[in-house]
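Reading through the structure tokens given below for one structure.
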Amino acid sequence: MVDPDTQAGWVPEADEADDEEEMPLSLRLSIADTLTLGNATCGFMAVYFTTTGILIPHLQGSQETGMARHSAATAVILMLCAAVFDLFDGLVARKLRSSPMGAELDNLSDLISFGLAPAYFVLVYGMVADDAHQRVAAVGAIVVLLAVVLRLARFSCVTVKDGTFQGMPSPFGALTVVSIVLLELPFAATLLAILGTAWLMVSRVEYPKPRGRLAVAMLSWIVLSMGLLAAWAFDAPSGQLLLQTGCALQLVMGAVIPLFATARRVNNFRDNRREARAAQLP
């Protein structure tokens, strides 16, 4: 039909209504997307608590260490919550469905929670720690952020073997970075460990994907880490020792976990060679 005033074609109202109903189907958020948005929210709130509870009191000359400890613990717990959301959104997407925006939302949320939040944590550490050098710490923070950006970009365009990640996963890398800071090592050792973690994130070292028992083990470790942070925040007996033990274990796992993937690859290679030799025998 033609509009008598403009002589232009127009679509009947029924067709417009159909188009309006069809459009949201490609933009409708799934349950997995909602979990992904929870990931982004936790990352943003981690930055908020790092700023209001650690940086601003320091700039104002506050000597209250308890508030800084509570805020640091809250920020890290929020990063742990983001890791839980990141773990479950993938599981839910595989079990139910994911929207066309799912992959993009996941990358953007991971950039906030596991790129910006830990990098900002390192930056603030460089400003408030007694033996830290602010500008050098800023360089370390930038390296962490860029490592996560590069890792997420590579994850989007590179196909790897099923069941493995190429490079340390960004949630694990973020938690390793904040664990290094919370260990309160000398500044030089802290910076070197942070740079080493950033390198692992962009390396070709294989890490297994958290599925099945490994996913349960990872979730259990996150819950345990939250408990250690809470004990430290509320100054429980031996809370500092418990936190440092947990942080040290996080670093050890970051170095040891790739060995399992390497051992599995070596075993598969040996099995393939045995099968090839057996096939060649008469």
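Throughout, numbering of the chain's residues begins at 1 and tracks the sequence.
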Query raised in the report: When you measure from the side chain of Tyr207 to the backbone N and O of Gly254, does any donor-acceptor pair fall under 3.5 Å?
Result: yes
**Report entry** 4.5 Å side-chain heavy-atom contact, Phe165 and Glu206
**Finding:** no
Query raised in the report: Got Val148 and Met201 here, is their nearest side-chain heavy-atom distance under 4.5 Å?
Result: yes
**Report entry** Student check: side-chain heavy atoms of Lys209 and Pro169 closer than 4.5 Å
**Finding:** no
Report summary line: The side-chain hydrogen bond (donor to acceptor under 3.5 Å, both in side chains) partners of Gln244 (sequence neighbours excluded) come to none
Do any side-chain atoms of residues 104-111 form donor-acceptor pairs under 3.5 angstrom with protein atoms, and if so which ones, sequence neighbours left out?
| residue | atom | partner | partner atom | Å |
| --- | --- | --- | --- | --- |
| Asn107 | ND2 | Ser156 | OG | 2.6 |
| Ser109 | OG | Thr36 | O | 3.1 |
| Ser109 | OG | Leu105 | O | 2.9 |
| Asp110 | OD1 | Asn39 | ND2 | 3.0 |

Query - Shared hydrophobic cluster, Ile54 / Tyr48 (ILVMFWY, side-chain heavy atoms < 4.5 Å) - result: no
Report task. Using ring-ring contact (aromatic ring centres under 6.0 Å, His included) as the criterion, list what pairs up with Phe234, not counting sequence neighbours. Result -> His70
Query raised in the report: With Val202, which residues qualify under side-chain contact (heavy atoms from CB on, under 4.5 Å), at least two apart?
Result: Ala147, Leu150
Query - Note, Ile180 side chain near Leu251 side chain (heavy atom, < 4.5 Å) - result: yes
Query - Where Leu195 and Gly140 come nearest, the two heavy atoms and their spacing - result: CD2-CA, 4.4 Å
Requested in this report: Find out whether Thr176 and Leu200 are in side-chain contact, i.e. whether some heavy atom of one side chain is under 4.5 Å from a heavy atom of the other.
Outcome: no
Would you be so kind as to tabulate the donor-acceptor pairs closer than 3.5 Å made by side chains of residues 121-138, with sequence neighbours excluded?
| residue | atom | partner | partner atom | Å |
| --- | --- | --- | --- | --- |
| Asp131 | OD2 | Phe187 | N | 3.2 |

Query - Point-to-point distance, once rounded to the nearest 0.5 Å, from CD of Gln60 to CG of Leu55 - result: 9.5 Å
Query raised in the report: Less than 4.5 Å apart, any side-chain heavy atom of Ser113 and any of Asp86?
Result: no
Query raised in the report: Does Ser62 reach the main-chain N or O of His58 with its side chain, forming a donor-acceptor pair under 3.5 Å?
Result: no
Requested in this report: State the CE-CD distance between Met253 and Gln250, to the nearest 0.5 angstrom.
Outcome: 4.5 Å
Query raised in the report: Is Thr41 close to Phe85 at the side-chain level, that is, under 4.5 Å between some pair of heavy atoms?
Result: no
Query - With sequence neighbours excluded, residues passing side-chain hydrogen bond (donor to acceptor under 3.5 Å, both in side chains) with Thr197 - result: none
Query raised in the report: Can you tell me how far CZ of Arg213 sits from OG of Ser220, rounded to the nearest 0.5 angstrom?
Result: 13.0 Å
Report summary line: Separation between CG (Leu242) and OG (Ser225), nearest 0.5 Å, reads 11.5 Å
Query raised in the report: Are any of the side-chain heavy atoms of Phe114 and Leu152 separated by less than 4.5 Å?
Result: no
